[in-house]
Amino acid sequence: MEPSNEENVFKIGLCLAGAISAGAYTAGVIDYLIETLERWEIEKKQNLDIPNHKVVIEVIGGASAGGMTGIITAAALQEKFNSITQIGENLTQKQEHNKLYNTWVDLVADDMMNVILDTNDINSKVESLLNSSFIDKLADKAVQINTEKPIDRPYISDNLKIFVTLSNLTGFKYSAEFSEKVSSSNKYLITAHNDYACFQLSKNSETKTLPGWMPLNFKENINTTIAKNAAMATGAFPLGFKARKLSRDLKYLTENPWLKELISNSITELKNPHITLNVDGGMINNEPFEFVANALFINQNSEEKKLFDSTDYLNKEDFQKDDRFTSSILLIDPFPSVATETKNSSELSKVIENLLGTLLDQARVKPIEVVKALNEDSYGQFIISPTRYKTVDGKEISINGSKAIACGSVGGFGGFISKEFRIHDYFLGRANCERFLRYYFTVPSDTKNDIFLKGYKNVTDKKRFTVNENELQIIPIFQDENQNGIYMPKFSNGKKWPTVQEHTVLKLKSLVEKRVQKVMLNAVPLKWYERLLLSIGIEVLLKRKISKSIIKSLIELLSKHQLLATQKAKN
């Protein structure tokens with residue numbers, strides 16, 4: 001399927017990777033991207049001597065925290081959007097006028113460890129190792145919009161598509177046919193667990209959407225509950241946060257081109273509505289690049305709804321050469337350079353660690369797609385990932401990947417330890433997006449690409465939007481480059497890299513003990529005398545082993561990430 005020939009329009013697909021608490025970084029990237037597109041539209045109304053081509057976000061697809069951010073973004077774009085350009089001295093002040101910041105940085109409390117270790121979610125059963133009830137509160141608030149009339153945003157497609165990946169524990173059972181000569185039964189039963197919840201913005205209930213894509217309208221409350229539940233489902237980190245049920249009209253599965261082949265061969269009768277139990281979408285597909293590529297080129301008016309081959313997208317010159325490409329996929333990935341450290345030991349505990357790492361690696365994007373995204377000669381896809389700079393012995397060095405973000409600590413859960421960690425990553429996301437749009441999301445100034453030739457045709461001073469002497473910005477930046485770098489806040493330690501005191505972590509010991517004890521006592525049904533004996537054993541085990549081990553690990557991981565203050569705790 002070929003890309004649309006809509007004149008002078010450049011299309012963008014956003015692929016938002018899983019990130020756990022580092023969703024704060026992804027949210028910051030989106031914040032700056034929207035701010036820049038918004039500013040460009042304002043300039044277009046006031047000044048004819050600027051680039052006038054059109055950039056449109058056509059699809060937002062994501063997994064886990066990325067999928068959650070995609071749905072939050074779709075809701076935020078329905079109301080007035082106020083970017084968070086800086087914050088005052090009061091770092092704890094809430095920013096309720098910005099859904100991205102409010103959801104990922106403010107959360108429901110400054111001290112989230114008290115929230116996720118609270119035991120009020122455990123009665124007679126245990127649904128997760130951590131208390132995940134706060135996610136429901138955030139999701140309820142995120143899909144509520146405050147607007148009297150629709151807001152015109154030319155940089156957002158009228159048919160914006162949003163999807164999240166799901167790891168469907170219920171699965172789809174189907175059979176494959178084999179020769180009768182091999183076995184007396186020619187049925188080979190398979191269960192597929194990859195699933196997708198797909199939405200398309202609609203003006204009203206009468207709007208026609210693509211087959212398998214649910215209409216979504218936040219103002220008229222069309223499928224907003226399903227979108228909210230899908231967001232919670234894709235972010236349900238296995239065991240850590242509770243699994244989520246998702247109810248959908250069966251036609252949105254049977255007609256979806258990504259699922260209909262599985263559904264058509266199903267050996268079990270699927271009820272309507274179809275209810276599935278789901279965990280983190282990143283467990284099966286953490287960076288759904290190929291599906292963003294597919295959704296980017298689905299023809300709204302075409303009867304043919306076949307899968308778009310992402311391999312074609314990566315290899316065809318129409319999509320990759322600067323003089324031919326009409327679209328790009330932006331992969332926003334807080335953990336692009338994480339390499340699982342394999343422990344070469346047959347000891348069971350080490351094998352379990354290796355197994356978990358292997359599963360996470362396998363869920364990541366296909367290697368060829370990352371390589372292409374990093375290739376300077378490829379224009380069809382780009383990557384935005386964390387980079388921060390620090391001065392060592394008078395020299396500025398760059399720190400990349402998970403080590404560049406504070407929320408990247410503790411396996412991605414570091415953002416729950418300190419609000420300052422989340423603030424840092426949000427503003428680093430903004431800073432990285434600014435640098436990307438200014439210096440890297442560009443085309444050669446002598447490009448023959450018709451979109452940019454026409455877009456820059458009437459610009460008398462192209463130097464305003466020229467970087468590295470011979471590159472033109474695809475999305476023009478109108479702010480002069482700040483010689484001191486884009487804004488980054490200072491934290492309570494007086495630096496631009498946050499830390500926590502060791503005594504802050506040590507205080508968590510009693511909370512950990514209570515949580516672990518209640519989880520262990522309620523994880524399986526027990527008789528009263530069994531519970532009594534177990535509680536005695538747990539009491540001893542907790543004090544000697546589990547709680548001490550958890551706190552020790554937290555301190556070690558934070559220290560390794562340079563997030564633990566060197567100052568010793570006061571007695």
Side-chain angles (χ1 to χ4, degrees), residues 3-12 14 28-58 81-86 151-157 319-330 376-384 387 389 396 427 429-488:
S4 169
N5 291 320
E6 190 175 351
E7 189 176 1
N8 228 34
V9 175
F10 186 83
K11 295 184 177 182
I12 288 179
L14 298 177
V29 173
I30 299 296
D31 183 291
Y32 189 84
L33 177 61
I34 294 174
E35 177 191 353
T36 305
L37 290 168
E38 194 77 38
R39 188 185 299 271
W40 187 15
E41 292 303 323
I42 293 173
E43 292 285 345
K44 282 181 179 179
K45 295 175 182 178
Q46 301 173 348
N47 188 356
L48 298 177
D49 190 18
I50 62 169
N52 63 5
H53 58 283
K54 191 175 180 181
V55 172
V56 173
I57 298 175
E58 189 74 24
F81 188 88
N82 298 290
S83 288
I84 310 296
T85 59
Q86 60 182 25
I151 297 176
D152 181 35
R153 287 195 162 93
Y155 53 87
I156 300 297
S157 171
F319 305 135
Q320 301 301 326
K321 296 298 182 182
D322 76 89
D323 58 343
R324 298 184 187 181
F325 80 128
T326 59
S327 62
S328 277
I329 297 173
L330 306 186
E376 292 182 358
D377 295 327
S378 297
Y379 285 82
Q381 62 283 320
F382 294 82
I383 186 169
I384 305 175
T387 299
Y389 299 88
E396 187 177 66
F427 282 98
R430 282 182 49 86
N432 286 174
C433 186
E434 188 270 349
R435 187 175 180 84
F436 167 76
L437 295 179
R438 186 183 294 278
Y439 296 112
Y440 300 106
F441 198 41
T442 60
V443 293
S445 55
D446 61 352
T447 183
K448 300 298 188 292
N449 191 305
D450 201 45
I451 291 177
F452 307 109
L453 280 176
K454 291 179 180 178
Y456 275 92
K457 182 178 180 180
N458 296 320
V459 181
T460 55
D461 183 15
K462 293 181 182 178
K463 289 184 178 180
R464 292 178 59 194
F465 314 106
T466 302
V467 295
N468 302 325
E469 298 183 355
N470 58 358
E471 296 282 326
L472 291 174
Q473 294 167 347
I474 293 176
I475 298 176
I477 304 292
F478 290 90
Q479 307 98 310
D480 291 333
E481 183 178 12
N482 187 335
Q483 296 301 316
N484 297 320
I486 192 169
Y487 171 81
M488 286 293 294

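In this text the structure is predicted, and so the values were computed from the model without any measurement. The figures that follow rest on heavy atoms only: side chains count, while hydrogens, waters and symmetry mates do not.
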Test item: K54 side-chain N/O and N52 main-chain N/O as donor-acceptor pair under 3.5 Å: no
Enter the distance from [X]:[atom1] to [Y]:[atom2] here, rounded to the nearest 0.5 Å.
X	Y	atom1	atom2	result
F382	L437	CZ	CG	10.5 Å
I12	I156	CD1	CD1	9.5 Å
I42	N47	CD1	CG	13.0 Å
Y440	I383	OH	CD1	13.5 Å
I57	L14	CD1	CG	5.0 Å

If you compare all heavy atoms of [X] against all heavy atoms of [Y], which two are closest, and at what distance to 0.1 Å?
X	Y	answer
R435	Y389	NE-OH, 3.4 Å
I477	Q473	N-OE1, 2.9 Å
G455	V459	O-CG2, 4.2 Å

Side chains of [X] and [Y]: closer than 4.5 Å at any heavy-atom pair?
X	Y	result
K44	I50	yes
I475	F441	yes
P444	E471	yes
V467	T442	yes
Y379	N449	no
T326	I451	yes
H53	V55	yes
Q381	F325	no

For D49, side chain to side chain donor-acceptor pair (under 3.5 Å) partners two or more places apart: T460
Over 12 non-hydrogen atoms of neighbours within 6.0 angstrom of CD in E469: no
Show every donor-acceptor pair shorter than 3.5 Å between a side-chain atom in residues 29-41 and any protein atom, with sequence neighbours excluded, or say none if there are none.
residue, atom, partner, partner atom, Å
D31, OD1, S83, OG, 3.2
D31, OD1, R430, NH1, 2.5
D31, OD2, I84, N, 3.3
D31, OD2, N98, ND2, 3.0
D31, OD2, Y426, OH, 2.6
E35, OE1, R430, NH1, 2.8
E35, OE1, R430, NH2, 3.0
E35, OE2, R39, NH2, 3.3
T36, OG1, Y32, O, 2.9
E38, OE1, R153, NE, 3.2
E38, OE1, Y155, OH, 2.3
W40, NE1, P51, O, 3.0

Parallel, tilted or perpendicular: ring planes of F452 versus F10, cut at 30 and 60 degrees: tilted
Mutual orientation of the aromatic rings belonging to F465 and F478 [parallel < 30°, tilted 30-60°, perpendicular > 60°]: perpendicular
